[in-house]
Every structure is written in structure tokens, then in C-alpha cells.
Visitor: 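This is the structure I want to talk about, given as C-alpha cells.
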There are 2 protein chains.
Amino acid sequence: MKSVTLKDVAKAAGVSYATVSRALSGSPQIGSETRERIIKLCDEMGYTTNYVARSMVMKKTDLIGLVVPSIDNQFNSELAYYAEMSARSHGYNIMLCNSGPDMKQEKTVVKLLLGRQVDGILIVPQSPKTYENIRAYADQVPTVFLSENLRDQPQSYVAVDNSRGAYIGTKYLYELGHRDILYFGRRHSTTHQLRAEGYMKACQELGLRQRFFNSEFSHSSINNGYQLARDLFSKSLDYTAIFASTDSNALGIMKAADEMHIDIPNRLSLIGFDNITATGMPRIELTTIEQPKREMAVQAVDMLRDKIENGTQGYVHQILLPTLIKRGTCRPLG
Amino acid sequence: MKSVTLKDVAKAAGVSYATVSRALSGSPQIGSETRERIIKLCDEMGYTTNYVARSMVMKKTDLIGLVVPSIDNQFNSELAYYAEMSARSHGYNIMLCNSGPDMKQEKTVVKLLLGRQVDGILIVPQSPKTYENIRAYADQVPTVFLSENLRDQPQSYVAVDNSRGAYIGTKYLYELGHRDILYFGRRHSTTHQLRAEGYMKACQELGLRQRFFNSEFSHSSINNGYQLARDLFSKSLDYTAIFASTDSNALGIMKAADEMHIDIPNRLSLIGFDNITATGMPRIELTTIEQPKREMAVQAVDMLRDKIENGTQGYVHQILLPTLIKRGTCRPLG
DNA sequence: TTTTATGCTGCAAACGTTTGCGGCTTTTGA
DNA sequence: TCAAAAGCCGCAAACGTTTGCAGCATAAAA
């Protein structure tokens, strides 16, 4: 268990450990024969530099704290995947924390991360109030928010153009001939507000009546969507398409529709938002709006790196473009 | 950005920083008024103990390295979720690394983790060869393998009873009246070998003919399953049920079947293995064998903690029980 | 040969903690 | 009143690096 230190290989090489450190870090003031001899020796002895000691003196841990509401959520885990890959390729490691389900835990893990001396924090907010919740800490270390729009807050974030996403989705339904489109989902976070706005904008432009069916449940889950949709479908179906504010909701709607024998897509067209993996599964094939998760994650770590390495001050709001993914749940009307 | 140190609050409190340290750690040799005064002061000044300095002297980082082939995989991300929650509740933080897709990267990240001085490593192997691949490192730090059976290897791991899972799945099909059951999937990792063995055992006991359709593709994905199933279905359908060695494969099979108008479950019953989230989605409703992911993750970190904290030597093979999840893809025959 | 420059290496401080040990003050017991 | 015990607290070393600075040898220049 006792690992070999600089001192050990220095002794073996017959030089001071400062020399070994310099040889490894490629300092130009070390002779090339000495360097090679030392490097070879390090290899043989299985030396790996102790990052905690290194971090101590460098005042830099090369660690990025990644906090997500819960990593088992498809959307988050995809973001995490790309974030980790990208971070590592730039020499950073990821410290993972689940912040859900309550605000207290979110605060706790962020504080924890600070104690760990992470160089920066990447956070996908668990609620619209996250910014307030962790503001005190976000000022102490480079932080970028991921996937949730903060709109007017003085904080860096990267997110899709949620409004545009809903806009193109609605327009697509229109082009398919639909004139009665229901917007399904909550609206109390900025993200969801924006989506609703995109829908409304499309409706205005196209001369459509705006119709909402929303709730203020906290998490957008399949089950929530399902429960809600059962309510919805027990009333008259005076619309031909639904724009669901999240894929999870859409999936719930789909389940309810199947149970109540409402034919998707023939009687009802359905479109979601996010393009989570399940939407591409056989039999589901949900038409949806894609969030470019890879790009989002990569941009977020780039932004964070910029703050960390260049000390960039201020904040930037990076908005990426969503894409319409046509699959099987939308049909031309008539 | 400059954080407040022990020294700072010591100066403010008018005591030495050793006293502050002791007050915080609850040492009995500090007077209670002093302690309370110090704690209050720490709060006000926003002091958080620097974990890297602490780790340095304690020779313990309270860090667990979690390496998974790719966190965006449902199965892995669920394990990761529970592992992180459990680890954190015991004072550990998780350092996340994706090891996929190649063996080289797996080795690299494990080496990295060692450099980070993690107290232990939790690894879900990316291939049957993982053990060989990282053995050199696994000897240097407490390590437990997750979800993959290592069978005779002298290493701790926790996994389901894969054999039993396949056994009960096959038996279930038998009880439904099926007599011609095809086993679909690869067999070259221990895990998959065990599943195949469970199937064979059931066949023997029940007097069924054993039928295999397998391949040696490296990753069990929906697409692989799909491609293979298209092949399979182009030949005669002289079986009434398929036991797929993974849910991913089963999903691929389902897709191919739908395309080729083979009615699941009426013409063909299908059962998977793993119970990944997608299987419970509307329209899919795949009958499957559940791996108790939460329990697996929790047990794995318990095991790891035991090694770390008590220095427990030797190894233990923890086998958990799988459960049959009855959903919609299996029908009684006749 | 002497001086200067150049190339390489070692010394030691610093990073922010934890903790054994010694010392001071106060209380207790006789 | 004095000694011993007890209760608190500070000193300083240690953890394993990085790096500014000084020092030594050798090579080049005068």
C-alpha cells in the first residue's frame, strides 16, 4: 500500500528529489541523459506523482465538481458523460455529486466541493431557485450552470434555445396541418417559461389559438405526465396535437393514451422535448426536439476552463440551437 | 478567491491554529466555551476545512474512484447514483471516470485515480479482460468489482446470480407453456456464460432442447441485437420464445420483430435481463430479470469501506438475487 | 592562466492541515 | 500553604510536492 515517492526514486537515482521533479515536469534545466535515466527509473519503480501533494503547492487541484440533480436521469448522465470525457482530455478529473432531491442537499454538496478545493463547478440546477441557493458559493469559485436558463442572472450558463425549440416544434405540427395544438407541461422555471413562450410565438405568427394544460408539479416525470394525461383525456379531445414540454411528460402522455385507446399518431400527434434516449427506442419513436447534449457539455467545460485558466471574469450566456428529430408520433392531418 | 484558513480564524480568535483544528474536530481537550466561540467564528468567517491539506497529513482522501465503461449507459448511471449517495452518506466523495471504449483508457483512468490517492476503487468492468488489465493497480488500493462476475479470481466483487436469473426466466417461460426457447446473446464473458448456464440448467431439468443464437460482438447494444435479430428472423421461426441475455439485445429484437411483423408477445414471447429503465417504458413493457442495482451499489461501497477502514484483507464474492419482472412481452402458449 | 558565461543540480521554503508532547494555569486534596 | 493533578492550549514536525535561488563544475572567452 505504501506508494513510492519522489524521494525514493531520487535516492535510487542518486540525485535530489528536486531534480526528479524537474525531470518529470520537463524542465529545460535538466540534462537530457539525467532526465531519461530518471524517467526510466520512475517507470520501473512504478512512481506516480501524488496529486494531493501537488495540488497543495500548486494551489490547483485540476478537479471539476459536477453536480446534477440525479445522475441516473438519462439527460444528466449523457451530459455527465461528455463533460467527463472532455474534462479529462484537458487534464481535469470530475468529482460527481447528486444534488437531489432537496435544496438543502444541493447546498451541502456545493459546500463540500469547495472544501475539496475544486477548480470549478459545473452544475445542472435542480430547480429555478438553484441560483439563489448556491450564489454564496458560486462567487468563490468559477461556476457554470448547465441546461437551465438563468436569463437575467449574472452567471455563466449554457443552454439550448428553449424558446426556439418549442417554436420549431409547433411550426412543424402546423405544417403537418394541425391547427389545434395543446401545450402540455409546467411553466414555472425559466426553461419551461421559455418553451411556453416559443409555443406562444408560433401560435401568434400562425394565427393559432393558444391552449395550455399545465400543472406545477415539481419534477417532470413520466408518472406525472401519465397522471395528468389521464385527467386530460377524460375530457373532450378538441385538439389534434400535443406539444409536451419534456420527453418524460410525452412518454407519460403516450402511456395514458394507449390505455385509453387514443391512437398516437393517427388520432393525436405528439411531440416532446429533450430527445432523451428512451425516445428513440423501438415502439416509442417519439418525435422530439433535441438538445445538443454533447455540445452543451463540451462548451460548458470549455467555458469553465476559460474561467479557471485565464481567470476570465464576467459571465456569458451560451445558447445552442435545438433540432427537430422527426420520428413516428406525428402525422399529417387529414 | 482566497479562502480563509485555520490560521486566519486562529488569529481572529486569539488562539493558535492547533486549537482551532482541535475545536473543529471535537477534541476533548478543548474547553467548551473556547470551542463554541471558535465554531461560531468559523461560521461567520466562512471557513471550510481544506480537504487537500487534510488528506495530505491524514494519508486518506475520503475519495472513491468510480470507473464505469460509460456513465451515459442506463445501467451504469443507476449504479453510480446509488453508489454516490451511499458513499457520501459515509463521508466519501466520488471521482468519476469513463473507462470506455478501449482497454487502454481503462488502464489510464485507474492509474490516474491512483495518482489522485483515492482510498478505494469501484469498477464496473468494461470487458472480461478488465481484471487482467488493471490487476497491477488493484493490488495497490482496495478495489471492488461491480456487476461482472470474476468467478475464480482473487478479487472482491458484487454481482447478481446471473445463472439463477436465466434459470428463473427460462422456467417462467416453461410454465407459460413454451417448449421451444431460444437463448439469444453472447457468451464470452463470465457473466454471460453464467446466464447461458442458467438457461441450460433449466433446459436440462425441464427436458427442453437447448438452442443458442449467439455472436461475439463486443458490446451488447440495441443495434447489435437488432442486426442480429434481422438475420435470425429471416430463417424459420421454429421456437415460441426468446430469452435475451440483455435488455439491450431484447430491445433490438423487439425492433426487428416489429419491422418484420412478428407479433410480440402473441407469436413470440420475449424476456430480457437487467431491467434497465427503458424496459418499463410505455409500449415497451419488456418482461425481464431485474438486477437489484441499488443493493448492488450499496453493498459494493460497504465492502469497499470495510477494506478501507478496517484494512480487511482477502476477498469476498457477494452474489445477490435477481427477480423476475413480469410485464407485457410474455404470453401463455396456446 | 584567469575571468566570464553556461549548464546542471541541490537546498530549503511553502502549501494548510493534524497531532504528540511539553508547558502553563487553575483546581483539588492534604 | 504547598504539592499534585487536571484541564487547556501552543510548538513544531510531518505529509509529498514545486520552485526560486544559490552553488558547483565545466566550457568558452580573453
Side-chain angles (χ1 to χ4, degrees), chain A residues 1-39 41-42 45-63 91 112 114-119 140-141, chain B residues 1-39 41-42 45-63 91 112 114-119 140-141:
Chain A
M1 292 295 182
K2 193 72 190 62
S3 54
V4 13
T5 72
L6 269 191
K7 244 176 209 144
D8 297 327
V9 335
K11 203 181 303 172
V15 297
S16 82
Y17 58 92
T19 303
V20 180
S21 170
R22 273 191 266 256
L24 257 10
S25 67
S27 161
Q29 46 175 336
I30 295 292
S32 50
E33 355 61 81
T34 322
R35 159 172 300 118
E36 282 167 27
R37 185 165 57 89
I38 289 179
I39 291 184
L41 203 57
C42 285
M45 303 180 63
Y47 170 79
T48 44
T49 121
N50 182 326
Y51 260 76
V52 358
R54 174 181 225 269
S55 301
M56 173 109 259
V57 21
M58 303 291 271
K59 291 166 167 301
K60 182 166 189 314
T61 51
D62 296 330
L63 239 34
L112 224 88
L114 281 199
R116 291 287 190 178
Q117 311 298 116
V118 294
D119 291 340
Q140 298 182 41
V141 66
Chain B
M1 291 293 182
K2 191 74 189 64
S3 54
V4 13
T5 72
L6 269 190
K7 244 175 208 140
D8 298 326
V9 335
K11 202 181 305 172
V15 297
S16 81
Y17 58 93
T19 303
V20 180
S21 170
R22 273 190 264 256
L24 258 9
S25 66
S27 160
Q29 45 176 333
I30 296 291
S32 50
E33 353 64 80
T34 321
R35 158 172 301 118
E36 281 168 26
R37 186 166 56 90
I38 290 180
I39 290 184
L41 202 57
C42 285
M45 302 180 65
Y47 170 80
T48 45
T49 122
N50 182 327
Y51 260 77
V52 358
R54 174 181 226 269
S55 301
M56 174 108 259
V57 19
M58 303 291 270
K59 293 165 164 302
K60 183 164 188 317
T61 51
D62 296 331
L63 238 35
L112 224 89
L114 280 199
R116 291 287 189 177
Q117 310 298 117
V118 295
D119 291 341
Q140 297 182 41
V141 66

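Just so it is clear, the model here is predicted, and its values are computed rather than measured. Order of the sequence lines sets the chain letters (A, B, ...), proteins ahead of strands, with each chain counted from 1. Computed from heavy atoms alone, side chains included, the values below leave out hydrogens, waters and symmetry copies.
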Visitor: Considering only side-chain heavy atoms of B/L6, which listed nucleotide, C/dG10, C/dT18, D/dG16, is closest?
Guide: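 It is C/dT18.
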Visitor: Report the nucleotide, chosen from C/dG16, D/dC9, C/dG10, that has the shortest atom-to-atom distance to any side-chain atom of B/V57.
Guide: C/dG16
Visitor: Does a side-chain N or O from B/S21 land closer than 4.0 Å to OP1 or OP2 of C/dT17, or not?
Guide: no
Visitor: Nearest 0.5 Å, what's the OG-CD distance between B/S3 and A/Q117?
Guide: 5.5 Å
Visitor: Among D/dA12, D/dC8, C/dT9, which nucleotide has an atom closest to any side-chain atom of B/T34?
Guide: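 Output: D/dC8.
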Visitor: What's B/V52 touching, base or sugar-phosphate or nothing? Going by heavy atoms closer than 4.0 Å.
Guide: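 Here B/V52 touches no strand at all.
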Visitor: To the nearest angstrom, how far is A/I30 atom CD1 from C/dG7 atom P?
Guide: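 Rounded to whole Å, this separation is 13 Å.
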Visitor: For B/R22 and for B/A53, find the nucleotide of DNA chain D with the closest heavy atom, then tell me which residue's nucleotide is more 5'.
Guide: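 Per heavy-atom nearest nucleotide, the more 5' residue is B/R22.
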Visitor: Using whole Å, what does the distance between atom P of nucleotide C/dC8 and atom OH of A/Y17 come to?
Guide: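 Whole-Å distance recorded here is 22 Å.
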Visitor: Rounding to a whole Å, what distance do you find between A/I38:CD1 and D/dT17:P?
Guide: 14 Å
Visitor: D/dA13 P sits how many Å from B/M56 CE, rounded?
Guide: 17 Å
Visitor: Heavy atoms only: give me the nearest B/C42-B/V20 pair and the separation to one decimal.
Guide: SG-CG1, 4.3 Å
Visitor: Is the number of heavy atoms from other residues, nucleotides or ligands within 6.0 Å of NZ (A/K60) greater than 12?
Guide: yes
Visitor: Without decimals, in angstroms, what is the distance between B/K59 NZ and D/dA14 C1'?
Guide: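 The distance from NZ of B/K59 to C1' of D/dA14 comes to 9 Å, rounded to the nearest Å.
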Visitor: Rounded to the nearest Å, what distance is computed from the CD atom of residue B/E33 to the C1' atom of nucleotide D/dG7?
Guide: 11 Å
Visitor: Drop me the distance from A/T19's OG1 to A/L24's CG, to the nearest 0.5 angstrom.
Guide: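 The CG atom of A/L24 is 11.5 Å from OG1 of A/T19, to the nearest 0.5 Å.
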Visitor: Output the rounded distance in Å from CZ (A/R116) to C1' (C/dG16).
Guide: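 After rounding, the gap between these two atoms is 15 Å.
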Visitor: Nearest heavy atom decides the nucleotide; on that basis, is A/S16 or B/Y47 closer to the 5' end of DNA chain C?
Guide: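 The 5'-side residue here is A/S16.
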Visitor: Whole Å only: how far is the NZ atom of A/K60 from the C1' atom of C/dG16?
Guide: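 Answer to the nearest Å: 19 Å.
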Visitor: 5'-most contact on DNA chain D: B/G14 or A/M58, nearest heavy atom basis?
Guide: B/G14
Visitor: Quick check for you: to the nearest 0.5 Å, what is the distance between A/R116 atom CZ and B/D62 atom CG?
Guide: 5.5 Å
Visitor: Is the shortest side-chain N/O distance from B/Y51 to OP1 or OP2 of C/dC15 below 4.0 Å?
Guide: no
Visitor: Ignoring hydrogens and angles, are the base of C/dG7 and the side chain of A/R35 linked by a donor-acceptor pair under 3.5 Å?
Guide: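 No, no donor-acceptor pair under 3.5 Å.
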Visitor: Looking at C/dG10, I'd like to know if its phosphate oxygens (OP1 or OP2) sit under 4.0 Å from a side-chain N or O belonging to A/T19.
Guide: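 Yes, within the criterion.
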